[in-house]
2 protein chains.
Amino acid sequence: MTKQRQVVFDVLEAIGHEHPTASEVFVQAKERMPTISLATVYNCLESLTGAGAIRQVNIEREATRYCPNLRPHAHFYCIDCDKVFDIGLESGADASAVWALPPGCRIEEMNVSMRGVCGTCPRCGSGD
Amino acid sequence: MTKQRQVVFDVLEAIGHEHPTASEVFVQAKERMPTISLATVYNCLESLTGAGAIRQVNIEREATRYCPNLRPHAHFYCIDCDKVFDIGLESGADASAVWALPPGCRIEEMNVSMRGVCGTCPRCGSGD
DNA sequence: CTCTTATTTAGAATAATTCTTGATCTAAAC
DNA sequence: GTTTAGATCAAGAATTATTCTAAATAAGAG
């Protein structure tokens with residue numbers, strides 16, 4: 001844990017509820033440590049995420065993907081075979097029911113993505 | 001529905017299971033209509049998404065956001081007050097249980113985001 | 001056919017993120 | 001207290017996805 005990482009972590013502790021972007025973290029971090037650079041903030045955010053100290057809200061960086069499946073479904077990205085699978089809902093299940101939503105809120109769109117090992121592809125099965 | 005939109009839609013019907021990016025759609029679309037441009041593919045994907053004919057897998061475009069909350073939680077983006085809220089799990093609920101995951105698959109990370117109207121902020125409550 | 005309006009095209013512009021390279025810091029060995 | 005090796009940092013260039021712009025095109029109404 002370097003000084004820079006500590007600063008970035010402290011900033012996230014302080015304003016994390018606002019779900020800041022890297023640039024927003026950078027602005028706050030610069031107040032506490034004027035010499036820090038944006039690249040360092042990116043590095044620190046990556047290290048802290050890797051260490052499990054913070055979370056990245058959007059795990060699907062890269063380009064936006066499109067999908068013609070209009071039924072409710074989640075996307076599973078296999079880190080092993082590098083493919084995206086559609087995962088359907090269990091019959092009768094409601095994906096939003098597990099979440100403690102505030103009263104009066106209306107969901108227009110929901111996006112569920114998972115990352116892991118699919119276990120079904122040849123590559124994952126054989127460990128190739 | 002213009003010819004270009006039809007082509008883009010057809011491409012998505014054909015290779016949608018691969019969850020293509022805009023560039024990948026562009027490559028396929030160009031085989032069917034060599035004059036089509038990348039900008040048009042973007043336009044068509046936007047129109048088709050707006051019309052509900054296809055879905056965008058990643059609703060969180062813009063910069064990645066970070067968050068120090070390590071407990072399982074979803075993110076709710078309010079389209080009205082433009083803020084992101086943490087939504088906790090209902091007590092005892094398991095977010096992955098509602099999804100029909102293939103046997104043997106292991107989830108390393110899960111990301112749930114919703115978009116809608118939160119109904120709790122002054123702006124949403126008053127319609128300001 | 002002609003006007004109107006929306007769409008397409010190509011390329012420039014933008015914005016987030018990553019990469020590169022040299023500088024700096026840290027900690028252990030001497 | 002130096003030296004040295006390795007990790008980390010800083011600054012800016014480079015990359016990549018996406019959006020914007022302006023001119024060309026197409027399609028429908030009259």
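Only this structure's heavy atoms are used, side chains among them; waters, hydrogens and symmetry mates stay out. Within every chain, numbering begins at 1; the chains are lettered A, B, ... in the order of the sequence lines, protein sequences first and strands thereafter.
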Interface polar pairs with nucleotides 3-12 of chain C, N/O, under 3.5 angstrom:
residue : atom : partner : partner atom : Å
C:dT7   : OP1  : B:R5    : NH2          : 3.2
C:dT8   : OP1  : B:T2    : OG1          : 2.6
C:dT8   : OP1  : B:Q4    : OE1          : 3.3
C:dT8   : O3'  : B:Q4    : NE2          : 3.2
C:dT9   : OP1  : B:T35   : O            : 3.2
C:dT9   : OP2  : B:S37   : N            : 3.2
C:dT9   : OP2  : B:T40   : OG1          : 2.5
C:dT9   : O5'  : B:T35   : O            : 3.4

In whole Å, I'd like the distance from the [atom1] atom of [X] to the [atom2] atom of [N].
X     : N      : atom1 : atom2 : result
A:L45 : C:dT17 : CG    : P     : 9 Å
A:Y66 : D:dA17 : OH    : P     : 12 Å
A:R65 : D:dA17 : CZ    : P     : 10 Å
B:F26 : D:dA17 : CZ    : C1'   : 14 Å
A:M1  : D:dC9  : CE    : C1'   : 16 Å

Exercise for the section: Look at B:Y42 and D:dT18 and indicate whether a side-chain polar atom (N or O) is within less than 4.0 Å of OP1 or OP2. Expected result: yes
Practice task
Kindly say if A:T64 contacts the phosphate of D:dT18, meaning a side-chain N or O under 4.0 Å from OP1 or OP2.
Solution key: yes
Exercise for the section: Show your reasoning for whether side chain to side chain donor-acceptor pair (under 3.5 Å) applies to A:D86 and B:H19. Expected result: CA-CA 9 Å; A:D86 281 2; B:H19 300 83; 2.5 Å; yes
Handout entry: Whether B:T40 side chain and B:I36 backbone form a donor-acceptor pair below 3.5 Å
Key = no
Exercise for the section: For the pair A:R5 (side chain) and A:C44 (backbone), establish whether a donor and an acceptor sit closer than 3.5 Å, ignoring hydrogens and angles. Expected result: no
Practice task
For the pair A:F76 and A:F85, name the ring-plane relationship: parallel under 30°, tilted 30 to 60°, perpendicular over 60°.
Solution key: tilted
Practice task
Check whether any side-chain heavy atom of B:R55 sits under 4.5 Å from a side-chain heavy atom of A:N69, and report yes or no.
Solution key: no
Practice task
Step through the shown structure and confirm whether more than 12 heavy atoms of other residues, nucleotides or ligands are within 6.0 Å of CD on A:Q6.
Solution key: yes
